[in-house]
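Working notes for the structure below.
Atom set for the values below is all heavy atoms of this structure, side chains included, hydrogens, waters and symmetry mates excluded.
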Amino acid sequence: MNRSFALIDCNSFYASCERVFRPDLARTPIVVLSNNDGCVIARSREAKPHVPMGEPWFKIRDSLKRHGIVAFSSNYALYGDMSERVMSILEQHLPRVEVYSIDEAFAELTGLPEPLDSLGHALRADVLQKTGIPVGIGIGTSKTLAKLANNAAKRWQSQTGGVVDIRDPERRDKLLRAMPVAEVWGVGRRLNEQLQAMHIRSAWDLAQANPALLRKRFSLVLEKTSRELRGISCLDLQPETPPRQAICCSRSFGSRVSELAQLQQAVASFASRAAEKLRSQQSLCRLLQVGIRTGMFNPQETRSARSLVCQLPCPTDDTRVLVAAATEGLRQIYRPGLAYAKASILLLDLCQRNQYTPDLFAPSQPASSERLMQTMDRINQRWGKGCIRPARVPATASWHMQRQLLSPAYSTRIDQLMVVKAG
């Protein structure tokens, strides 16, 4: 029996999240901006014909207003919470789910009652009713085909109702011939150019290509992609996300920072956040890299980008140790008189806590440190992010990101809950 996979993808996810609590914008074009309201990183379907991706906000601000397009600053707390709600609904309905990204999930449908497209429509309706987020669902006999079917479900939404099943070979081949090879999962710009030079222009062409030649000229990954397009499943689900091998926390400042004390606050904040991510995946780190840079695009500014890797005394997830290492490293690379635009913290050489064997003759993290960090995390989870934090981390700071168009944290902060008043 052939296996069956689905890809469930939230439509224009960031824009859809903003619409959930703003029903007055149901038909209004929406764009979402990057950190510091820099450029467009997400667009609703209505905005896509009018706004190119990556367009700088300062250039298009006035034209968007004239066209009635509404802009929002990135509200990552809202998007993360809405993503968790969508994924929890999928896991209630489906036996095996792989959360692929913040707005996408693969699922295995093998053995579920037919017809699977009816299951897709019911799942789509349930997610929309409970979260307000519209999704598209593609179904195929491999993950790559499910991804391609999802592309078709979104492209021809009015005809398909947002669900496309291409397990039937005739329907599959028809879609493969209609889809450019650039739309295939994993085919980026450079690879597309190389395939075009070989007269591989459609997904069908890639499916019919010689697998051995693809492997020899490109990679095993592309060979598997070709086989998957022919309906041969080569990629299984990964229900558990593997722990990251490095953890980064990097931000551009809302305004230039010159004073060492303010930079220390910033890197302490970033190190504290990175430590939280480290503990969430039950890892320890042995190395920490701290980096700072000035603006790199203004010819009137002095350009400088410096970083330093700090060896930690022992593998650790202790916020206090990481903050101390970050601030000391910053002191060594800081140069007075420069206007810094960005700082970063990178945790390296990670190991899983349950797989780490301490060195008999080397210091190790005290058990009291683990208990303290667990207590701090529990308090912050219950009473709010940053309720307990290192003294160097300010509650508010002048260098925080500019987010002048930020929507409320409707679902994650009790003081910003939506209030409905009786008429």
Side-chain angles (χ1 to χ4, degrees), residues 1-11 86-87 89-101 103-128 134-187 195 200-211 214 220-239:
M1 180 176 64
N2 285 333
R3 300 176 71 182
S4 299
F5 295 90
L7 177 69
I8 303 96
D9 183 17
C10 301
N11 298 342
V86 171
M87 300 307 168
I89 294 171
L90 301 183
E91 290 168 349
Q92 291 170 15
H93 287 274
L94 303 170
R96 293 186 65 202
V97 176
E98 173 195 340
V99 178
Y100 181 65
S101 68
D103 63 344
E104 289 179 287
F106 285 102
E108 180 153 9
L109 309 182
T110 308
L112 295 183
E114 296 284 353
L116 292 184
D117 57 345
S118 296
L119 171 65
H121 285 292
L123 184 60
R124 188 172 184 269
D126 196 39
V127 171
L128 183 63
V135 301
I137 300 178
I139 302 171
T141 54
S142 69
K143 291 174 74 174
T144 304
L145 285 173
K147 183 87 170 175
L148 206 64
N150 181 274
N151 188 318
K154 291 195 295 184
R155 179 176 294 194
W156 298 295
Q157 185 172 334
S158 59
Q159 298 96 314
T160 64
V163 179
V164 169
D165 182 356
I166 58 169
R167 289 175 300 153
D168 176 72
E170 187 175 341
R171 296 193 69 191
R172 177 196 68 204
D173 294 347
K174 181 179 179 181
L175 180 61
L176 290 179
R177 288 186 172 95
M179 281 291 183
V181 71
E183 299 292 341
V184 174
W185 184 29
V187 176
L195 292 175
I200 298 176
R201 297 188 171 91
S202 68
W204 169 262
D205 295 335
L206 182 57
Q208 302 308 306
N210 185 324
L214 293 176
L220 175 61
V221 173
L222 192 60
E223 179 195 353
K224 287 183 176 180
T225 298
S226 176
R227 294 184 186 278
E228 288 237 324
L229 289 173
R230 280 182 272 157
I232 303 170
S233 176
C234 302
L235 305 172
D236 204 354
L237 294 191
Q238 298 180 4

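- With a 4.5 Å cut-off on side-chain heavy atoms, Ser226 and Leu214 count as touching.
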Which atom pairs, donor and acceptor, lie under 3.5 Å between side-chain atoms of residues 89-98 and protein residues at least two apart or in another chain?
| residue | atom | partner | partner atom | Å |
| --- | --- | --- | --- | --- |
| His93 | NE2 | Asp126 | OD2 | 2.6 |
| Arg96 | NH1 | Glu108 | OE1 | 2.8 |
| Glu98 | OE1 | Lys143 | NZ | 2.8 |
| Glu98 | OE1 | Gln238 | N | 3.1 |

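- Between the side chain of Ser142 and the backbone N or O of Glu228 there is at least one donor-acceptor pair closer than 3.5 Å.
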Practice problem: Decide yes or no on side-chain contact (heavy atoms from CB on, under 4.5 Å) for Phe5 and Leu235, but give the supporting numbers first. | Solution: CA-CA 10 Å; Phe5 295 90; Leu235 305 172; over 6 Å; no

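- Inter-residue side-chain proximity for Leu145 and Arg172 is flagged as met; some heavy-atom pair is nearer than 4.5 Å.
- Around CD of Glu170, the count of heavy atoms belonging to other residues, nucleotides or ligands within 6.0 Å does not exceed 12.
- Open room surrounds NZ on Lys224; 12 or fewer heavy atoms of other groups in view lie less than 6.0 Å from it.
- Taking every heavy atom of both residues into account, Ile200 and Ala209 meet most closely at CD1-CB, 4.1 Å.
- The salt bridge (Lys or Arg N to Asp or Glu O under 4.0 Å) test applied to Glu223 returns Arg215, Arg227, not counting sequence neighbours.
- Minimum heavy-atom separation, Val86 to Cys10: CG1-SG, 4.1 Å.
- Two residues are said to be in side-chain contact when any heavy atoms from C-beta on lie closer than 4.5 Å; Arg155 and Thr160 fail this criterion.
- Pairs passing the ring-ring contact (aromatic ring centres under 6.0 Å, His included) check and including a residue from residues 158-187, sequence neighbours excluded, read Tyr100-Trp185, Phe106-Trp185.
- Checked against side-chain contact (heavy atoms from CB on, under 4.5 Å), Ala207 has the following partners two or more places apart in sequence or in another chain: Leu176, Leu229, Arg230.
- Of all heavy-atom pairs between Val163 and Ala153, the closest is N-CB, 4.1 Å.
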Exercise. Determine, stepwise, if the pair Arg3 / Asp236 fulfils salt bridge (Lys or Arg N to Asp or Glu O under 4.0 Å).
Key: CA-CA 10 Å; Arg3 300 176 71 182; Asp236 204 354; 2.9 Å; yes

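- One finds the CG atom of Asp103 at 12.0 Å from the CD1 atom of Ile8 (value rounded to the nearest 0.5 Å).
- Checked by atom type and distance alone, the side chain of Thr110 pairs as donor or acceptor with a backbone atom of Ser4 at under 3.5 Å.
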Quiz item: So Leu175 and Asp173, side-chain contact (heavy atoms from CB on, under 4.5 Å) or not? Walk me through it.
Solution: CA-CA 5 Å; Leu175 180 61; Asp173 294 347; over 6 Å; no

Practice problem: Quick one: do Leu222 and Leu206 satisfy side-chain contact (heavy atoms from CB on, under 4.5 Å)? Show the steps, please. | Solution: CA-CA 9 Å; Leu222 192 60; Leu206 182 57; 4.3 Å; yes

Return a table of donor-acceptor pairs under 3.5 angstrom between the side chains of residues 113-125 and protein atoms on other chains or two or more places apart.
| residue | atom | partner | partner atom | Å |
| --- | --- | --- | --- | --- |
| Glu114 | OE1 | Leu116 | N | 3.2 |
| Glu114 | OE1 | Arg167 | NH2 | 2.9 |
| Glu114 | OE2 | Arg167 | NH1 | 2.7 |
| Arg124 | NE | Val135 | O | 2.5 |
| Arg124 | NH1 | Gly161 | O | 3.3 |

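- Considering only residues two or more places apart in sequence or on other chains, Asn150 meets the side-chain contact (heavy atoms from CB on, under 4.5 Å) condition with Leu7, Asp9, Lys154.
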